[in-house]
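Working notes, structure below.
Model, not experiment: these values are computed from the prediction.
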Amino acid sequence: MVRGKTVIEKIENKTSRQVTFSKRKSGLFKKGKELGILCDAQVGIFIFSNTGRLYEYSNSGMKPLIERYQAVKDGQKLLSASAEAKFWQAESARLEQQLRNLQENHRQLLGQHLSGLSFEDLKCLQNQLETSLYNIRLTKDKFIGDEIQELNTNESLMLQENIELHRKLNIVRQENTELQNKVHILDYKHSA
């Protein structure tokens, strides 16, 4: 007969929960004992029930096992701190070397400290500078092109504005001429 898979969730029925706790606790202690015997391992198990009662199993005494656990745990902390310190020292050294390399590269790009470079290094540096100069010129040309385009757009807008102002000026002149003509006609009628 094959048992179905047990769903792991809290058992709501208190009696069933207590029976399951007792059986599983005994099974866990049995497995701890078997592991200790078969593998020559030191095993210690603590269980606190939901009522707060302590159950424990140890194949070699709980106190020495706890002391050993504490010593190993403290040693791991020290080892961990030591390993972390070594990591950060190595990282610091790597970053310092990277900074020195960047500073030296920067000086070489400025034309300083070139005496120790080989012909190939100088040629590589020259290629880097030519590429940089080419990229700078491209960026500058794009900037100038954008400026020219903006100025052309502004010029076009100003020309249209100028045409509109001339049109308005012509309308005002025409209205002024018409008003002067009316004034002359009224003057002529009054004098006549």
Side-chain angles (χ1 to χ4, degrees), residues 1-136 138-139 142-143:
M1 184 172 177
V2 178
R3 255 189 328 179
K5 194 170 186 177
T6 304
V7 178
I8 304 298
E9 59 184 27
K10 182 180 176 183
I11 300 170
E12 295 301 326
N13 184 311
K14 281 187 176 185
T15 307
S16 296
R17 189 181 328 140
Q18 187 58 41
V19 169
T20 301
F21 175 79
S22 181
K23 286 182 180 178
R24 294 240 175 167
K25 173 182 63 82
S26 299
L28 183 61
F29 287 163
K30 183 179 174 188
K31 290 290 181 186
K33 182 178 180 182
E34 291 171 359
L35 184 64
I37 292 170
L38 291 172
C39 302
D40 193 28
Q42 288 183 305
V43 178
I45 302 171
F46 286 118
I47 300 175
F48 289 96
S49 71
N50 65 347
T51 61
R53 188 165 174 199
L54 170 67
Y55 300 91
E56 60 181 87
Y57 166 80
S58 174
N59 64 347
S60 61
M62 198 56 84
K63 187 173 181 179
L65 195 60
I66 291 172
E67 288 170 356
R68 183 174 178 192
Y69 168 79
Q70 202 61 41
V72 169
K73 198 74 171 153
D74 292 343
Q76 284 179 346
K77 285 180 186 173
L78 291 175
L79 181 65
S80 175
S82 171
E84 188 173 352
K86 285 181 182 176
F87 168 78
W88 287 115
Q89 285 173 344
E91 184 69 7
S92 173
R94 185 186 69 77
L95 289 173
E96 284 174 0
Q97 183 59 46
Q98 187 178 4
L99 178 62
R100 282 191 294 275
N101 292 345
L102 288 171
Q103 287 171 336
E104 184 62 26
N105 191 14
H106 179 70
R107 282 196 247 7
Q108 289 172 352
L109 288 172
L110 292 174
Q112 303 168 356
H113 299 265
L114 300 176
S115 59
L117 296 179
S118 68
F119 178 76
E120 286 301 316
D121 291 337
L122 288 170
K123 191 169 183 160
C124 183
L125 184 60
Q126 180 182 3
N127 288 338
Q128 283 180 329
L129 288 170
E130 286 173 354
T131 302
S132 296
L133 189 58
Y134 175 76
N135 288 333
I136 290 168
L138 278 179
T139 304
K142 184 183 180 320
F143 179 78

Candidate pair Asn135 and Thr131, rule side chain to side chain contact (heavy atoms under 4.5 Å, CB included), full reasoning: CA-CA 6 Å; Asn135 288 333; Thr131 302; 3.9 Å; yes
Distance-only donor-acceptor check, side chains Gln97 and Arg100, under 3.5 Å: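 Yes, a side-chain donor-acceptor pair sits under 3.5 Å.
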So for atom [atom1], which belongs to [X], do other residues, nucleotides or ligands contribute more than 12 heavy atoms lying within a distance under 6.0 Å?
X	atom1	answer
Asp40	CG	no
Lys33	NZ	no
Tyr134	OH	no
Arg68	CZ	no

Enter the distance from [X]:[atom1] to [Y]:[atom2] here, rounded to the nearest 0.5 Å.
X	Y	atom1	atom2	value
Gln126	Asp121	CD	CG	13.0 Å
Leu122	Gln108	CG	CD	8.5 Å
Asn59	Ile37	CG	CD1	8.0 Å
Glu67	Gln70	CD	CD	9.5 Å
Leu38	Lys31	CG	NZ	9.5 Å
Ser58	Phe29	OG	CZ	10.5 Å

Test log, rule side chain to side chain contact (heavy atoms under 4.5 Å, CB included), inputs Gln103 and His106: CA-CA 5 Å; Gln103 287 171 336; His106 179 70; 5.5 Å; no
Given 3.5 Å as the limit, does a donor-acceptor pair link the side chain of [X] with the main chain of [Y], or not?
X	Y	value
Arg17	Ile11	yes
Asn50	Gln18	no
Ser132	Gln128	yes

Heavy-atom closest contact (Leu65 atom, Ser60 atom, distance):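 Heavy atoms only, the tightest pair is CD1-OG, 4.4 Å.
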Considering all heavy atoms, the nearest Phe21-Ser49 contact: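 That would be CZ-CB, 3.7 Å.
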Test: Lys123 and Glu120 ion pair at under 4.0 Å: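 No, Lys123 and Glu120 are not salt-bridged.
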Test side chain to side chain contact (heavy atoms under 4.5 Å, CB included) applied to Leu28 and Tyr55, step by step: CA-CA 11 Å; Leu28 183 61; Tyr55 300 91; over 6 Å; no
Derivation and outcome, side chain to side chain contact (heavy atoms under 4.5 Å, CB included), residues Glu34 and Lys30: CA-CA 6 Å; Glu34 291 171 359; Lys30 183 179 174 188; 3.3 Å; yes
